[in-house]
Participant: 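Dropping a structure here in structure tokens format, bear with me for questions.
Residues: numbered from 1 along the sequence shown.
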Amino acid sequence: MRIENLPFLEHIGAKVEELSKERAVLSIEIEDYHLQHLGFVHGGVISSLADNTGWYAVISNLPEEKTCVTIEIKINYLRPAKKGTLKAIGKVLKIGKSVAFAVVEITFNDELVAYATGTYAILDLRQK
């Protein structure tokens, strides 16, 4: 599987743990700078992790000459998360000719804290 170098993920401390056609698993060890004013993980951190996990799930199912970009992401925050490890598991629902759909579950201490759906535009790298 191809693991793309994503400087933003590196910047926030996220890591690719598993990558296959069946699923993408990313994690992030929560630090103080990931927290909002009440001491919980900032929603933007969770959303970024979900978006990139969905993206990895999709590109893992595309040929090398194709990539994708996010068209839309919807996230439902179910409960707060604190310092520890967030894990995101993404799976592809459907890949069409120009659009792909993925779902992502984000857990903290094995409890579901957020659920996301993403829509990704498929691009041909040869047509840059």
Side-chain angles (χ1 to χ4, degrees):
M1 285 297 122
R2 68 193 218 210
I3 296 181
E4 304 282 340
N5 178 23
L6 300 177
F8 179 71
L9 280 186
E10 188 176 310
H11 175 71
I12 65 170
K15 295 183 171 89
V16 177
E17 288 190 10
E18 181 184 330
L19 203 52
S20 69
K21 287 187 179 267
E22 288 75 38
R23 69 187 205 159
V25 180
L26 276 68
S27 67
I28 186 168
E29 190 66 34
I30 299 302
E31 301 292 342
D32 287 340
Y33 62 87
H34 294 120
L35 305 177
Q36 43 90 300
H37 68 288
L38 296 174
F40 299 114
V41 178
H42 191 283
V45 174
I46 295 171
S47 180
S48 292
L49 185 63
D51 184 21
N52 284 277
T53 302
W55 179 83
Y56 266 115
V58 172
I59 69 156
S60 296
N61 286 275
L62 296 176
E64 289 288 324
E65 69 274 4
K66 302 231 175 179
T67 190
C68 65
V69 294
T70 307
I71 297 174
E72 180 269 342
I73 187 163
K74 178 180 186 322
I75 188 159
N76 292 302
Y77 299 98
L78 307 174
R79 67 180 55 213
K82 294 186 176 186
K83 283 186 89 170
T85 304
L86 281 179
K87 182 182 273 190
I89 300 172
K91 298 177 183 174
V92 171
L93 289 179
K94 180 174 175 37
I95 294 182
K97 291 180 184 175
S98 60
V99 178
F101 302 91
V103 294
V104 181
E105 292 184 349
I106 302 93
T107 60
F108 174 73
N109 292 337
D110 295 321
E111 289 192 53
L112 191 63
V113 296
Y115 181 83
T117 56
T119 307
Y120 302 86
I122 298 171
L123 306 173
D124 192 327
L125 292 170
R126 298 170 298 187
Q127 295 178 357
K128 277 182 149 182

Participant: Find out whether Tyr77 and Ile46 are in side-chain contact, i.e. whether some heavy atom of one side chain is under 4.5 Å from a heavy atom of the other.
Facilitator: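 Sidechains of Ile46 and Tyr77: in contact.
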
Participant: Does any non-hydrogen side-chain atom of Leu78 lie less than 4.5 Å from one of Asn76?
Facilitator: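 Yes. Closest side-chain heavy atoms under 4.5 Å.
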
Participant: Considering only residues two or more places apart or on different chains, which pairs with a residue in residues 92-109 satisfy side chain to side chain donor-acceptor pair (under 3.5 Å)?
Facilitator: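 The answer is none; no pair qualifies.
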
Participant: Determine yes or no for a side-chain-to-main-chain donor-acceptor pair under 3.5 angstrom, with Ser48 supplying the side chain and Gly44 the backbone.
Facilitator: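 It does hold such a pair.
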
Participant: Quick one: side-chain contact (heavy atoms from CB on, under 4.5 Å) partners of Leu6, sequence neighbours excluded?
Facilitator: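 With neighbours one apart ignored, the set is Glu4, Leu9, Asn52, Trp55, Tyr56.
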
Participant: Only counting residues at least two apart or in another chain, list the ones meeting side-chain contact (heavy atoms from CB on, under 4.5 Å) with Glu72.
Facilitator: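 Glu72 satisfies side-chain contact (heavy atoms from CB on, under 4.5 Å) with Lys74, Thr119 only.
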
Participant: I'd like to check Ile122 versus Leu62 (side-chain heavy atoms, cut-off strictly below 4.5 Å). Are they in contact?
Facilitator: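 Side-chain contact under 4.5 Å: yes.
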
Participant: Got a sec, which residues hit side-chain contact (heavy atoms from CB on, under 4.5 Å) with Leu35, two or more places apart in sequence or on another chain?
Facilitator: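 Scan of Leu35 (side-chain contact (heavy atoms from CB on, under 4.5 Å), adjacent residues dropped) gives Ile30, Asp32, Val41, Lys83.
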
Participant: With the side chain counted from C-beta on, respond yes when Leu125 and Leu123 share a heavy-atom pair under 4.5 Å apart, and no when they do not.
Facilitator: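 No. Closest side-chain heavy atoms not under 4.5 Å.
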
Participant: So, using salt bridge (charged side-chain N to carboxylate O under 4.0 Å, His left out) as the criterion, who are the partners of Glu18 when residues are at least two apart?
Facilitator: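 Checked Glu18 against salt bridge (charged side-chain N to carboxylate O under 4.0 Å, His left out); matches are Arg23.
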
Participant: The criterion is salt bridge (charged side-chain N to carboxylate O under 4.0 Å, His left out); which residues satisfy it with Glu111, sequence neighbours excluded?
Facilitator: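 Salt bridge (charged side-chain N to carboxylate O under 4.0 Å, His left out) check on Glu111 returns Arg79.
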
Participant: Could you tell me whether a side-chain N or O of His34 sits under 3.5 Å from a main-chain N or O of Gly13, the two making a donor and an acceptor?
Facilitator: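 A pair under 3.5 Å: no.
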
Participant: Hey, does Glu65 have a side-chain heavy atom less than 4.5 Å from the side chain of Asp124?
Facilitator: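 Counting from C-beta outward, Asp124 and Glu65 do come under 4.5 Å.
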
Participant: I'd like to know if the side chain of Glu31 reaches the main chain of Tyr33, judged simply by a donor and an acceptor atom lying under 3.5 Å from each other, with no hydrogens or angles considered.
Facilitator: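 It does not hold such a pair.
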
